Amino acid sequence: MRNDGLGKYFWLSFALAIAWSLYRLLTNQAWILDDEIAHFLISADVWNNPKELWHSWSRPGRNLLHFIPAHFGLTSARLWTLFLAGVAMWLTGREGKRLGLANLWVLPLLVGFQWWFPELSYPVLTQTPFMITWIAGVFFAMRKHLVPAAICFGYLGLVRHEGIALSGLFGLWVIFAPGGFARFLARGDWKKSLSAFPHAVWIGAWTILPMVLINIATQLTRGEVPFLMFFESKPTEMYGSGPLWLYCQHLATGAGFPIVILFLIGAFRKWGSVKWDLLLYATYPAYFALQSIIYWKGLFASGGYYHFIMPMAPFVGLVALRGFNLVKPKLPTWGVALVVGAVVYTGLLMPQQQFIVGDTHIAGMPHEGKSLKIIAPPMTQSRYGQGLKDAAAWTKENIPADQPWISHHTALTYWNHGEIIGQKLGAWDNLTPKNLPSGTLLIWDAQYSTQESFGFTLEALEANGWQEEKSWAHGTVRVFRKK
């Protein structure tokens, strides 16, 4: 990396940005999403149950990148994920250099101080694996290394299902490129089209290979065919739908206002002729549009979550740097310092993180007022999170070896450190308040137990003879026993 031409100031900014994410990683006592704990536990369990490597919900593409460090604990898996985020930032710098962008020293700040980056760059989620695979695919493609680029774009669908659309766009980019068979075909030049066709087939084979291999492995080990999920556009109605413009709001509050302003300047000002190679970057706005449409139409259990578009961070940073370079000549020195300072400070402030992380969305939890701190403090356990932790400790002390019990929140498994307690029943084994036997214990939570997948609403519990024995966190976590 010393000879990458990025310069020492790039690396100073890089160190500053990664240090902020590392600080968050080491000091946060909670997690940004419950899904992280579920993903981590599945990855860690691969060593006891190898077929979990191909767990469709947990995404085999993510699992393959995490199961080794997960063996050594959550912090190890997080450190590895942050390393991948750092590599993605370096690849973004290399792309900025190739594109001829000036002031590369600002680029790590425009990526690492996006408001969502410090809290989504290290968790054991799909965001960072998707981000590095995507920018790596672009990196290789821009240097005419089309086989590794094809593997990267083909791998995206194994990390997040939406990635299959990017695989298809990459294929179109290849076949319509100068010298591509589809371009010759469109011109009616059959001879040249036929001569270019084998190359298209070769790259196409490498693109679909990851998806083919994973589907074969999953079928052999779990009896499932993950590809079939693409034919079930509405697996559930519980995630709803929302306005088409929602992800515009998510981009502003996710990447942060200062960076988005620079991004908009860079995106809409002074574009000359665009070479074909650069069109591969169109996969980023296409992905943004895809997420917007999916949630607008209520498809594929989207939920419209802001973190789905965090993998666009490298693209946002590059375009924002272009915007910075456009405004910098018009600003005095203090103005440039003000712009850079706004990027860094608001990235430390992380207002969206300070306000959205909490438990007031949990049914039955009293509202808790929040004040904006001058720098985002480390995450601590919410009242609800602490209630789950206390419930996990209660199970260790009060559930005997022969006691059947069930819970629906993955945090209990995490806090019990995988220890076998009593006769734990599977939450996904089609167990209902009605068909569970008398004497069964339930560690009920107000977020997951009541979901349609499980159906353990308070009304269903009362109707089927369940009696409350203990509660925490304003009744959002309770112990029930069936009479």
Side-chain angles (χ1 to χ4, degrees), residues 21 24-49 52-53 55-82 84 116 118-130 159-160 301 303 305 307-308 310 353 356-359 361-362 378-396 406-421 424 426-428 443-449 451 453-454 472-473 476-477:
S21 292
R24 306 291 302 177
L25 185 161
L26 296 175
T27 59
N28 283 343
Q29 300 172 29
W31 41 84
I32 191 74
L33 294 167
D34 292 327
D35 283 2
E36 180 191 9
I37 301 306
H39 283 307
F40 163 71
L41 291 173
I42 290 170
S43 293
D45 194 42
V46 168
W47 298 89
N48 299 316
N49 185 4
E52 291 294 85
L53 187 61
H55 196 294
S56 296
W57 176 85
S58 198
R59 310 298 193 269
R62 181 211 60 78
N63 230 349
L64 285 164
L65 294 175
H66 279 140
F67 82 97
I68 293 177
H71 179 66
F72 302 99
L74 180 60
T75 298
S76 296
R78 286 175 161 184
L79 287 170
W80 168 249
T81 308
L82 182 57
L84 295 178
W116 49 26
E119 224 67 288
L120 289 171
S121 57
Y122 69 81
V124 187
L125 292 165
T126 60
Q127 275 65 41
T128 290
F130 197 83
V159 182
R160 292 196 58 81
Y305 300 124
H307 49 269
F308 289 168
M310 178 270 180
Q353 189 276 340
I356 68 169
V357 176
D359 55 18
H361 64 288
I362 304 297
M379 282 191 295
T380 57
Q381 286 295 334
S382 65
R383 297 165 295 176
Y384 175 66
Q386 187 61 47
L388 291 164
K389 189 174 182 180
D390 292 341
W394 184 90
T395 63
K396 294 175 73 172
I406 187 172
S407 67
H408 303 100
H409 203 298
T410 191
L412 273 79
T413 304
Y414 175 74
W415 290 122
N416 285 333
H417 306 291
E419 182 179 342
I420 298 176
I421 297 172
K424 179 74 181 291
W428 294 96
I443 311 300
W444 179 91
D445 74 274
Q447 185 173 10
Y448 294 105
S449 295
Q451 289 184 358
S453 303
F454 304 120
W472 299 268
T476 59
V477 182

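Every heavy atom of this structure was used, including side-chain atoms; hydrogens, water molecules and symmetry mates were not. From a predicted model like this one, the values you see are computed outputs, not experimental measurements.
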- Separation of Leu120 CG from Arg24 CZ (nearest 0.5 Å): 11.5 Å
- Note on the structure: The reported gap from OG1 in Thr395 to CD1 in Ile421 (rounded to nearest 0.5 angstrom) is 4.0 Å
- Query: At their closest point, which heavy atom of Gly426 faces which heavy atom of Ile406, and how far apart are they?
  - Reply: O-CD1, 4.1 Å
- Message: With heavy-atom distances below 4.5 Å as the criterion, would you say the side chains of Asp35 and Trp57 are in contact?
- Response: yes
- Task: Compute the ring centroids of Phe40 and Trp31, then answer whether they are less than 6.0 Å apart.
- Result: no
- Task: Would you check if Glu119 and Met379 make a side-chain contact, meaning some heavy-atom pair closer than 4.5 Å?
- Result: yes
- Message: I'd like to know if the side chain of Asp445 and the backbone of Tyr448 have a donor-acceptor N/O pair within less than 3.5 Å.
- Response: yes
- Query: With distance as the sole criterion, is a donor-acceptor pair present between the side chains of Thr81 and Thr128 under 3.5 Å?
  - Reply: no
- Message: Once salt bridge (Lys or Arg N to Asp or Glu O under 4.0 Å) is applied, what residue pairs with a partner in residues 64-79 remain, sequence neighbours excluded?
- Response: Glu36-Arg78
- Message: List the residues meeting side-chain contact (heavy atoms from CB on, under 4.5 Å) with Thr476, not counting sequence neighbours, and say none if there are none.
- Response: Ile362, Met365, Tyr384, Ala446, Ala473
- Message: Would you say that His409 contacts Val477 through its side chain, given a criterion of any heavy-atom pair below 4.5 Å between the two side chains?
- Response: no
- Message: So, taking the atom named CG in Leu79 and the one named CG in Leu74, what distance separates them when rounded to the nearest 0.5 Å?
- Response: 9.5 Å
- Query: Partners of Trp415 by side chain to side chain donor-acceptor pair (under 3.5 Å), sequence neighbours excluded?
  - Reply: none
- Message: Can a donor-acceptor pair be found, under 3.5 Å and without considering hydrogens, that links the side chain of Asn416 to the backbone of Leu412?
- Response: yes
- Query: Rounded to the nearest 0.5 Å, how far apart are CZ of Phe67 and CG of Asp45?
  - Reply: 13.0 Å
- Here the pair of heavy atoms bringing Arg160 nearest to Gln127 is NH1-NE2, 3.9 Å
- For the student: nearest non-hydrogen atoms of Pro378 and Asn28, plus distance: CA-OD1, 3.3 Å
- Value rounded to 0.5 Å, distance of OG1 in Thr410 from CG in Leu41: 4.5 Å
- Does Trp428 use its side chain to pair, donor to acceptor, with the backbone of Ser453 at less than 3.5 Å? no
- Answer yes or no: is there a side-chain heavy-atom contact under 4.5 Å between Ser76 and His71? no
- Point-to-point distance, once rounded to the nearest 0.5 Å, from CG of Leu25 to OG of Ser121: 8.0 Å
- Between Arg62 and Ser43, is any pair of side-chain heavy atoms under 4.5 Å apart? yes
- Message: On a heavy-atom basis, which atom in Leu125 and which in Pro129 lie closest, and how many Å separate them?
- Response: O-CD, 3.3 Å
- Message: Classify the ring geometry of His307 against Tyr305: parallel below 30°, tilted from 30° to 60°, perpendicular beyond 60°.
- Response: parallel
- Note on the structure: Heavy-atom closest pair (Pro60 atom, His55 atom, distance to 0.1 Å) is CD-O, 3.6 Å
- Message: A side-chain contact here means heavy atoms from C-beta on lying under 4.5 Å apart; do Val46 and Glu52 qualify?
- Response: yes
- Message: Tell me the closest heavy-atom pair linking Ser58 and His39, and the distance in Å.
- Response: OG-ND1, 2.9 Å
- Query: Side chain of Gln381, backbone of Gln29: donor and acceptor closer than 3.5 Å?
  - Reply: yes
- Would you mind reporting whether Ile68 and Trp47 have side-chain heavy atoms less than 4.5 Å apart? yes
